[in-house]
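Order of the sequence lines fixes the chain letters, A, B, ..., with proteins taken first and strands second; residue numbering starts at 1 for each chain.
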Amino acid sequence: MFLKFKDEVSSVLTKALKDAGFEADDLALDESPHADVSSSVAFRLAPKYKKSPKQICEAIHMHVKILPDSYIDRAEAAGPYINFFSSRAYLNETVLRVMLDRENFGNLNNTGKVILEHTSANPDGPLHIGHIRNSVIGDTLARILKRAGYDVETQYYINDMGRQIAVVVWGLMNFKFDAAKKKDHAIADVYIAANKTLVDEKEHSPEVDAIMKQYEVGDADTNRKFKDAIDTAMEGIEQTLDRMNIHHDKFVWESQFVRTGEVNRMMDRVKKLDNTIFKDGAFMVDLKEAGIEKTLVIQRSDGTSLYTTRDLTYHEWKATQCDRMIDILGADHKLISSQLKAVLRILGLQEPEVVIFEFVSLPEGSMSTRRGVFISADELLDEVKKAAYSEVSKKRPDTDEEFKQKVAEFVSIGAVRYDIVRVSPEKATTFDWAEAVDFEKQGAPFIQYAHARACSIIKNAKDEGITFEEFDAGILLEDQETALIKKLSVFENAIDKAARELKPNLIAIYARELADAFNQFYRYVPVISAEPEFQAARLALVECSRIVLANSLDTLGIVAPESM
RNA sequence: GGGCUCGUGGCUUAGCCUGGAUAGAGCGCCGGGCUUCUAACCCGGAUGUCGAGGGUUCAAAUCCCUCCGGGCCCGCCA
């Protein structure tokens, strides 16, 4: 709705500009607290036409012609700004549109296949609070892009050729695997113990090297051991992701590119490049012309491949199956991903769009699975759930155990996801337990609560025999009502912008603002106890709010509860 | 040492790419509101040299430069 309104403003303003004798390639249209959409184009025109912005604005305003039944109600010249206000028709149609489109309201019609890779944590232990920043950003982005119309496939790239997995395999041969524990945690125990031993007793190091070598050549027995180790860790990782409402469409093993010979073909191609140099038996690419000082080794002197070489192949493979590739990566991958992109560019291959997120650290420093210094996602989820449980118990002492457990679960998942996604990815954060379990702040529970309230009104109205089968949206004239409808109408704009700029936090902000608008409506505008002539229309607005609240929460991967 | 990045009220942060109307919000703090659809709510108030300095511009939190502080990276690891 908003996008169509903005388009109308755009064409009306273009025409007014032309009629007033001005020419501008950028209309400088923007949302504004002073109007529904505002243009500061007069500033840009001022030097060119040697008039004050105010004069220009007035001249443009005089030529603004608004057609009947337009989404634009009126335009105003406010000093140097030209402000546009939406019409009643716009509000009424927004309500009808939501009722019609329901769970699809806000969806856009972009086309194309997107492969989005996220999480891709090494299968050497459980996901920790840094990994799930990747997962939540990636999953939310995938949901946003789906709503924007793209055909999205999510992939988890399993790095099974790295030394750390060989250490896990070696560890499994030498240490006890605690079958009583969740599998990824038991793998971490083995991994941590193995690392410690490898540091203390250097003589075991060649054993790990031998395992890696055997895996590289595809020894059947070693393959089985790797598969067992990785499947075990991944089972636990997937359980955690599943709990957070995150699922991957495909799990791609790094080794497959070695097995098919694609990695060798890739190395041969890169070797032929002018930028590639041969030094001390190894091949490396000089990326100075791409602005990167560091050369990139693509083949070791023993002839084997490296992580980046395989990643190059992985991206080439992905590109054959989609129109866009998006990678969600931690800040430690900044250099390596720009090197990867540079090589792909030189080879004439498609480059991925990379979303980098900064680190989550502990107050005492950075996390490390290898050293056993981390807070697992499972632990975080459990602690937050405990806090949520005590909150429900306090607030809903009348309810049974099953209800409290259920609410505590979806509130805690929502709170964790929301807390991660609300902060823009480029911000480095320090984890704080007190903050993590705090439910006073306006986060996911605030939005979920607004949704539950809407459901409650709808349920009570039904009991009272109030329906919205027939209503006139035109009588929704209270400030809180029009503000709420306008907020509903910009959902598609939030999706559009978030998809365009790959900024999932925009949806977190939108959802909170929508809940805010709904709560204000709730406080000031009665529905069930309203005069009969207002009941149906207001109930319809509650239903619309419920739908868009649910759509926003769904985009954030958070449960929209009927009661809490 | 070099590169990248962040620095906004006591705390957490939006806005920065694409410069424009009094820098928006939450927590905390102060004050008010449950005989009314779930108070995990609502209303009001105090709190900001937008890290510092310079520059560009009619206009800078936003662009450029320098400096300071935090983070990340700089391996024939991943």
>> Rounded to whole Å, please give me the gap between CG in L198(A) and P in C77(B).
In response: 16 Å
> Does R44(A) make a side-chain N or O approach to OP1 or OP2 of C58(B) shorter than 4.0 Å?
Replying inline: no
> Cation over ring, R453(A) on Y522(A), under 6.0 Å and within 45°?
Replying inline: yes
> A52(B) and G7(B): how far apart are their P atoms, nearest whole angstrom?
Replying inline: 13 Å
>> For a quick check of understanding: with a heavy-atom distance under 4.0 Å over all strands, which category does N122(A) fall into, base, sugar-phosphate or nothing?
In response: sugar-phosphate
> Does C17(B) have OP1 or OP2 sitting under 4.0 Å from an N or O in the side chain of K503(A)?
Replying inline: no
> Under a 4.5 Å cut-off applied to non-hydrogen side-chain atoms, are T555(A) and F491(A) in contact?
Replying inline: yes
> Are a donor atom and an acceptor atom from the side chains of H333(A) and D327(A) found within less than 3.5 Å of each other?
Replying inline: no
>> Can you tell me how the ring of Y157(A) sits relative to the ring of Y307(A), calling it parallel under 30°, perpendicular over 60° and tilted otherwise?
In response: tilted
> Among the nucleotides C76(B), C42(B), C17(B), which one has an atom lying closest to any side-chain atom of D280(A)?
Replying inline: C76(B)
> Can you tell me how far C1' of G26(B) sits from CD1 of I447(A), to the nearest Å?
Replying inline: 12 Å
>> Let's see if you can work this out: which of C76(B), G7(B), A40(B) has an atom nearest to the side-chain heavy atoms of A282(A)?
In response: C76(B)
> So which nucleotide does C27(B) pair with, by the Watson-Crick or G-U wobble rule with both distances under 3.5 Å?
Replying inline: G10(B)
> If we call it a pair only when both distances are under 3.5 Å in a Watson-Crick or G-U wobble match, what pairs with C34(B)?
Replying inline: none
> Does A52(B) have a Watson-Crick or wobble mate here (both distances under 3.5 Å), and if so which one?
Replying inline: U66(B)
> Expressed in whole Å, how much space separates the P atoms belonging to U47(B) and G10(B)?
Replying inline: 12 Å
> Looking at side-chain heavy atoms only, is the closest gap between I144(A) and I507(A) below 4.5 Å?
Replying inline: yes
>> Please determine whether a side-chain nitrogen of the Lys or Arg among R370(A) and D124(A) lies less than 4.0 Å from a carboxylate oxygen of the Asp or Glu.
In response: no
>> For a quick check of understanding: with a heavy-atom distance under 4.0 Å over all strands, which category does V525(A) fall into, base, sugar-phosphate or nothing?
In response: base
>> Between C1' on C58(B) and CD on Q55(A), what's the gap in Å once rounded to a whole number?
In response: 14 Å
> Which part of the nucleic acid, if any, lies within reach of R310(A) when heavy atoms closer than 4.0 Å are counted: base, sugar-phosphate only, or nothing?
Replying inline: sugar-phosphate
> Rounding to the closest angstrom, what is the interatomic distance between C11(B) and C29(B) at atom P?
Replying inline: 16 Å
>> Taking only the P atom of each, what is the distance from A21(B) to A60(B) in whole angstrom?
In response: 11 Å
> The side chain of R512(A) lies closest to which of these nucleotides: A21(B), A14(B), A25(B)?
Replying inline: A25(B)
> For C4(B), which nucleotide is its Watson-Crick or G-U wobble mate, given both distances must be under 3.5 Å?
Replying inline: G71(B)
> Would you say a side-chain N or O of Q520(A) is under 4.0 Å from OP1 or OP2 of C43(B)?
Replying inline: yes
>> If I pick the P atom on G51(B) and the same atom on C34(B), what distance separates them, to the nearest angstrom?
In response: 42 Å
> Say you pick atom C1' in G19(B) and the same atom in U57(B); how far apart are they, in whole Å?
Replying inline: 9 Å
> Between C43(B), U13(B), A21(B), which one does the side chain of Y524(A) approach most closely?
Replying inline: C43(B)
>> Judged by each residue's nearest nucleotide on RNA chain B, which is more toward the 5′ side, Y522(A) or M161(A)?
In response: Y522(A)
Pairwise N/O distances under 3.5 Å, protein to nucleotides 71-75 of chain B:
residue: C72(B); atom: O2'; partner: A331(A); partner atom: O; Å: 3.2
residue: C72(B); atom: O2'; partner: D332(A); partner atom: N; Å: 3.4

> Rounding to a whole Å, what distance do you find between F446(A):CZ and A39(B):C1'?
Replying inline: 12 Å
>> Using ring pair (Phe, Tyr, Trp, His ring centres under 6.0 Å), reason through W433(A) and F431(A) one step at a time and then give a plain yes or no.
In response: CA-CA 7 Å; W433(A) 273 116; F431(A) 182 78; 5.1 Å; yes
> Between A78(B) atom P and N134(A) atom CG, what is the distance in whole Å?
Replying inline: 19 Å
> Which nucleotide in the list C42(B), A14(B), A78(B) gets nearest to the side chain of R300(A)?
Replying inline: A78(B)
>> Distance check, P atoms only: U12(B) and G70(B), in whole angstrom units.
In response: 16 Å
> Just checking E562(A): base, sugar-phosphate only, or nothing, at a heavy-atom cut-off of under 4.0 Å?
Replying inline: base
>> Of the listed nucleotides (A25(B), A78(B), U18(B)), which one gets closest to any side-chain atom of E254(A)?
In response: A78(B)
>> For a quick check of understanding: with a heavy-atom distance under 4.0 Å over all strands, which category does V41(A) fall into, base, sugar-phosphate or nothing?
In response: nothing
> Once you round it to whole Å, what is the distance between C1' of U8(B) and CD of E426(A)?
Replying inline: 14 Å
>> Testing the 3.5 Å rule here: is there a donor-acceptor pair between the side chains of D30(A) and S32(A)?
In response: no
>> Rounding to an integer number of Å, can you tell me how far R500(A) CZ sits from C17(B) P?
In response: 17 Å
> Rounding to a whole Å, what distance do you find between R422(A):CZ and G24(B):P?
Replying inline: 19 Å
>> Ring of Y418(A), cation from R422(A) - is the NZ or CZ under 6.0 Å from the centre and inside 45° of the axis?
In response: no
> Going by distance alone, is a donor N or O of one side chain under 3.5 Å from an acceptor N or O of the other, for Y314(A) and Q155(A)?
Replying inline: yes
> Of the nucleotides A40(B), G28(B), C58(B), which one has an atom closest to the side chain of E440(A)?
Replying inline: G28(B)
> Within 45° of the ring axis of F257(A) and under 6.0 Å from its six-membered ring centre, is that where the NZ or CZ of R310(A) lies?
Replying inline: no
>> Measuring to OP1 and OP2 of C42(B), would you say a side-chain N or O of N519(A) lies under 4.0 angstrom away?
In response: yes
> Closest to the K441(A) side chain: G26(B), C41(B), G15(B)?
Replying inline: G26(B)
> Looking only at atom P, what distance separates U62(B) and G54(B), rounded to whole Å?
Replying inline: 14 Å
> Considering Watson-Crick and G-U wobble pairs with both distances under 3.5 Å, what does C58(B) pair with?
Replying inline: G20(B)
> In terms of the nearest nucleotide of RNA chain B, which residue is placed more toward the 5' end: R163(A) or E293(A)?
Replying inline: E293(A)
